[in-house]
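Structure first, then comments.
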Amino acid sequence: MANSAITVTGLRVVRGGREVVKDIGFETPRGRITGLLGPSGCGKTTLMRSIVGVQIVAGGDVTVLDLPAGSPPLRRLIGYATQNPAIYADLTIAEALRYFASVLRAPLSDVDRVIAEVGLTDHADKLVGSLSGGQHSRANLAVALLGKPELLVLDEPTVGLDPLLRDELWALFRRLADGGATLLVSSHVMDEAARCDHLLLMREGRILADDTPDRLRERTGTADLEQAFLRLVRAASKPEVTPS
Ligand SMILES: Nc1ncnc2c1ncn2[C@@H]1O[C@H](COP(=O)(O)OP(=O)(O)OP(=O)(O)O)[C@@H](O)[C@H]1O
Ligand SMILES: [Mg+2]
């Protein structure tokens, strides 16, 4: 893909003495939403950390927006929302965002914009430590939106949100992609797969499928993406038939 946002080749990562990302390769299209889906522990966060450039890797190449992962210029081009929010509990949402905006050298006017984008305007003056789980993860997402990054790497941004909020966030992701941003969004909820333009299905450190939702449905002969995933898992775990 000439115009890919992320290109991964032969990536291997060892964590805790075990290979948890096993020689994977893929490309993600620019200006689109790519979903990274797979069960807990399959390696989604580890892969995202490799793309953001904070993971020590055992081998392979990761190129992001035409630069090697971890290159300093990428810092301002990538917005990363980690799975476990790391924003300070004793600041209000607005204070925390002003702080991160100054660290990222994003304009201060971005603060109100990103608070509105994640639907927290009415809570901007609440202490981060007093937020509900869903509000906390939206505040975390707001940090990633500061400075209008070209690539958003969002690790399970909708976990713990009610269906209405999830729907609103997916609508926001779509608006961001329509505005030219590239999104990589992880989830282990298969119903979110249908909202993506491109899917990476991951299992046990490997990419099981790298396709559009439509082609995946076609290939597996089912309209339901959860079923499609299960069929791929079963096909992959079938023992090789060896002639006797
Ligand atoms: N800090 C760590 N030290 C050692 N092993 C780790 C560490 N973090 C993760 N692992 C292991 O790496 C593997 C992949 O973990 P990872 O967090 O990437 O999975 P995940 O797909 O993001 O899971 P989840 O959906 O639960 O967030 C797992 O086997 C996990 O136990
Ligand atoms: Mg994870």
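What you see below is based on every heavy atom in this structure, not just the backbone, and it leaves out hydrogens, waters and symmetry mates. Worth saying up front: this structure is predicted, and the values here are computed from it rather than measured. One-based numbering, in listed order, for ligands and for the atoms of each.
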Checklist entry - Which residue from Glu19, Lys44, Arg18 reaches closest to atom 25 (O) of ligand 1 through any of its heavy atoms? => result Lys44
Item to check | Heavy-atom nearest option to atom 1 (N) of ligand 1, drawn from Gln55, Gln83, Arg15 | outcome: Arg15
Next on the checklist: Tell me the protein heavy atom at minimum distance from atom 13 (C) of ligand 1, and give that distance in Å.
Outcome noted: Val20 CG1, 3.5 Å
Next on the checklist: So for Arg49, does at least one of its heavy atoms come nearer than 4.0 angstrom to any atom of ligand 1?
Outcome noted: no
Item to check | Side chain proximity check, Val143 to Leu97, heavy atoms < 4.5 angstrom | outcome: yes
Checklist outcome for this item: Taken to the nearest 0.5 Å, the spacing of Arg203 CZ from Lys44 NZ works out to 12.0 Å
Checklist outcome for this item: Checking heavy-atom distances from atom 23 (O) of ligand 1 to each of Cys42, Gly41, Ser186, the winner is Gly41
Item to check | atom 30 (C) of ligand 1 touched by protein heavy atom at under 4.0 Å | outcome: no
Checklist entry - Can you tell me if Ser40 has an N, O or S atom under 2.8 Å away from the Mg ion (ligand 2)? => result no
Checklist entry - Do the non-hydrogen side-chain atoms of Arg206 and Asp23 ever get within less than 4.5 Å of each other? => result no
Checklist entry - Quick one: nearest non-hydrogen protein atom to atom 4 (C) of ligand 1, plus distance? => result Gly16 N, 3.5 Å
Checklist entry - Salt-bridged, Lys22 to Glu204, with N to O below 4.0 Å? => result no
Next on the checklist: Angle between ring planes, Tyr99 versus Tyr88, binned at 30° and 60°: parallel, tilted or perpendicular?
Outcome noted: perpendicular
Item to check | Short N/O/S contact of Gln83 with the Mg ion (ligand 2) (below 2.8 Å) | outcome: yes
Checklist entry - Counting each atom of ligand 1 from 1 as listed, which ones have a heavy atom of His188 under 4.0 Å away? => result 25 (O)
Next on the checklist: Is a donor from one side chain sitting under 3.5 angstrom from an acceptor on the other, for Asp125 and Thr92?
Outcome noted: no
Checklist entry - So which heavy atom in the protein is nearest atom 19 (O) of ligand 1, and how far is it from that ligand atom? => result Gly43 N, 3.3 Å
Checklist outcome for this item: Looking only at non-hydrogen atoms, the one of Thr46, Thr45, Val159 nearest atom 22 (O) of ligand 1 is Thr45
Checklist entry - Looking only at heavy atoms of Gly38, does any of them come nearer than 4.0 Å to an atom of ligand 1? => result no
Next on the checklist: I'd like to check Val185 versus Arg195 (side-chain heavy atoms, cut-off strictly below 4.5 Å). Are they in contact?
Outcome noted: no
Checklist entry - For ligand 1, is Met202 a contact, meaning one of its heavy atoms is under 4.0 Å away? => result no
Checklist entry - Under 3.5 Å, is there a donor-acceptor pair linking the side chains of Ser187 and Glu192? => result yes
Checklist outcome for this item: When distances are taken from atom 26 (O) of ligand 1, the protein heavy atom at minimum range is Ser40 OG, 2.5 Å
Checklist entry - Do Thr222 and Arg231 have side-chain atoms, one donor and one acceptor, less than 3.5 Å apart? => result no
